[in-house]
S.K.: 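Structure below; questions to follow.
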Amino acid sequence: MSAPRPFARSYRRLLTQLDGLVALAQRPGELRIASPKVSDWDVGDQLEHALLVEAGVYTYFDRFLAGDASPGVGPSLAGRLILAVGRIPRGRGRSPELFLPNRLDSAALTELAGSTRERFAAFEPGLGSLASSPGRLPHPFLGGFDVAQWLRFLDIHRRHHLKLIAAIRAAADS
């Protein structure tokens with residue numbers, strides 16, 4: 001079973017973006033760039049958090065493929081807004097403790113980024129099954145998402161942290 005084109009396109013775009021995250025992790029001189037005006041987290045913390053969230057979402061993809069998702073409640077109002085607008089408001093959300101960064105060094109971040117990319121790439125043969133998986137699984141604050149919504153959330157969440165990284169770099173350069 002093949003995945004619908006928009007689903008497959010989103011997946012491929014996310015996979016390609018992971019290459020950029022792997023490359024960023026391999027630049028130790030950039031990871032500790034910080035700007036308290038922008039965020040309490042430095043570049044490496046932003047990257048680590050984004051990768052930890054992705055790994056968490058991949059466990060949901062495993063559950064979808066195993067048929068372990070319930071009809072459940074859909075996204076909350078905040079979840080629907082984030083999915084519709086395509087952005088997360090800066091400074092509004094708080095990360096669940098499980099996804100807080102541990103200030104990994106470049107070698108550990110490179111390993112995390114590489115394993116995250118490999119794990120995501122492993123879903124490719126099952127994209128059709130993943131795309132057609134019924135049910136929803138809950139976001140800690142935004143309600144229940146189906147697979148397509150989780151894929152969209154990954155894109156939004158990653159772009160959110162890439163923008164923060166760009167803002168931190170720009171503020172540090174000025």
S.K.: According to side chain to side chain contact (heavy atoms under 4.5 Å, CB included), who are the partners of D105, at least two apart in sequence or on a separate chain?
M.R.: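 Result, side chain to side chain contact (heavy atoms under 4.5 Å, CB included) vs D105: A107, A108.
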S.K.: Distance from D45 atom CG to H161 atom NE2, nearest 0.5 Å?
M.R.: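 Going from CG on D45 over to NE2 on H161, the span is 11.0 Å.
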S.K.: Taking all heavy atoms of L47 and all of I165, pick out the closest pair and write down the distance.
M.R.: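 Between these two residues, the closest heavy atoms are N-CD1, 4.2 Å.
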S.K.: Enter the distance from L15:CG to E124:CD here, rounded to the nearest 0.5 Å.
M.R.: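 If we round to the nearest 0.5 Å, L15:CG and E124:CD are 6.5 Å apart.
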S.K.: Minimum heavy-atom separation for S35 to I168, with atom names?
M.R.: N-CG2, 3.8 Å
S.K.: Can you find a side-chain donor-acceptor pair between Q26 and S106 that sits under 3.5 Å?
M.R.: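 Checked: Q26/S106 side chains show no N/O donor-acceptor pair below 3.5 Å.
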S.K.: Mind checking what makes ring-ring contact (aromatic ring centres under 6.0 Å, His included) contact with F153, not counting sequence neighbours?
M.R.: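 Result, ring-ring contact (aromatic ring centres under 6.0 Å, His included) vs F153: H139, F145, W150, H157.
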S.K.: To the nearest 0.5 Å, tell me how far E111 CD sits from L51 CG.
M.R.: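 Here the interatomic distance stands at 12.0 Å.
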S.K.: By ring-ring contact (aromatic ring centres under 6.0 Å, His included), which residues pair with H160, not counting sequence neighbours?
M.R.: none
S.K.: Output side-chain donor-acceptor pairs under 3.5 Å for residues 62-73, partner residues at least two apart or in another chain, one line each.
M.R.:
unit_1: D62; atom_1: OD2; unit_2: R119; atom_2: NH2; d: 2.1
unit_1: R63; atom_1: NE; unit_2: D68; atom_2: OD2; d: 3.0

S.K.: Within this structure, what is the CG-CG distance for the pair N102 and L100, rounded to the nearest 0.5 Å?
M.R.: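 Reported to 0.5 Å precision, the distance equals 8.0 Å.
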S.K.: Set out, in order, the CA-CA distance, both residues' side-chain angles and the distance that settles side-chain contact (heavy atoms from CB on, under 4.5 Å) for R80 and L142, then state yes or no.
M.R.: CA-CA 8 Å; R80 288 193 308 272; L142 303 176; over 6 Å; no
S.K.: Which atoms form the tightest heavy-atom contact between L83 and P75, and what is the distance?
M.R.: CD1-CG, 4.2 Å
S.K.: Heavy-atom distance under 4.5 Å between the side chains of Y60 and P138, does that happen here?
M.R.: yes
S.K.: Let's go through R136 and Q149 carefully: what are the C-alpha distance in whole Å and the side-chain angles of both, what is the deciding distance for side chain to side chain donor-acceptor pair (under 3.5 Å) to 0.1 Å, and is it a yes or a no?
M.R.: CA-CA 9 Å; R136 298 177 185 279; Q149 289 166 328; 2.9 Å; yes
S.K.: Check whether any side-chain heavy atom of R90 lies under 4.5 Å from a side-chain heavy atom of V38, and answer yes or no.
M.R.: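 Touching, per the 4.5 Å side-chain cut-off.
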S.K.: For a quick test of reading the model, state the closest non-hydrogen atom pair linking S10 to L151 and the distance between them.
M.R.: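 Looking at all heavy atoms of both residues, the shortest contact is CB-CD2, 3.7 Å.
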S.K.: Who pairs with E54 by side-chain hydrogen bond (donor to acceptor under 3.5 Å, both in side chains), at least two apart in sequence or on another chain?
M.R.: Y58, R158
S.K.: Is there a side-chain contact between S95 and W41, using heavy atoms and a 4.5 Å cut-off?
M.R.: yes
S.K.: Working to the nearest 0.5 angstrom, can you tell me the gap between L31 CG and R103 CZ?
M.R.: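 The CG atom of L31 sits 10.0 Å away from the CZ atom of R103.
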S.K.: What is the minimum heavy-atom distance between F120 and L154, and which atoms define it?
M.R.: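 Looks like CE1-CD1, 4.3 Å.
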S.K.: Are I156 and L77 in one and the same hydrophobic cluster, where Ile, Leu, Val, Met, Phe, Trp and Tyr link if side-chain heavy atoms are under 4.5 Å apart?
M.R.: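 Result: no, two separate clusters.
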S.K.: In terms of hydrophobic clusters joined by side-chain contacts under 4.5 Å, are Y11 and L137 together?
M.R.: yes
S.K.: Taking all non-hydrogen atoms of both residues into account, name the closest pair between F141 and R94 and its distance.
M.R.: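 Between these two residues, the closest heavy atoms are CE1-O, 3.1 Å.
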S.K.: Ignoring hydrogens and angles, tell me if any N or O in the side chain of E48 forms a donor-acceptor pair with the backbone of L109 under 3.5 Å.
M.R.: no
S.K.: If you apply the rule side-chain contact (heavy atoms from CB on, under 4.5 Å), what do you find for L104 with L112, and how did you get there?
M.R.: CA-CA 9 Å; L104 296 179; L112 177 62; 4.1 Å; yes
S.K.: Can you check salt bridge (charged side-chain N to carboxylate O under 4.0 Å, His left out) on R169 and D173, steps first, answer last?
M.R.: CA-CA 6 Å; R169 285 174 165 162; D173 286 342; over 6 Å; no
S.K.: Of all residues at least two apart in sequence or in a different chain, which pass the salt bridge (charged side-chain N to carboxylate O under 4.0 Å, His left out) check with R152?
M.R.: none
S.K.: Under 4.5 Å between any side-chain heavy atoms of R27 and I33, yes or no?
M.R.: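 In short, these two side chains do not touch, never coming nearer than 4.5 Å.
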S.K.: CG of L21 to CZ of R117: how many Å apart, nearest 0.5 Å?
M.R.: 11.0 Å
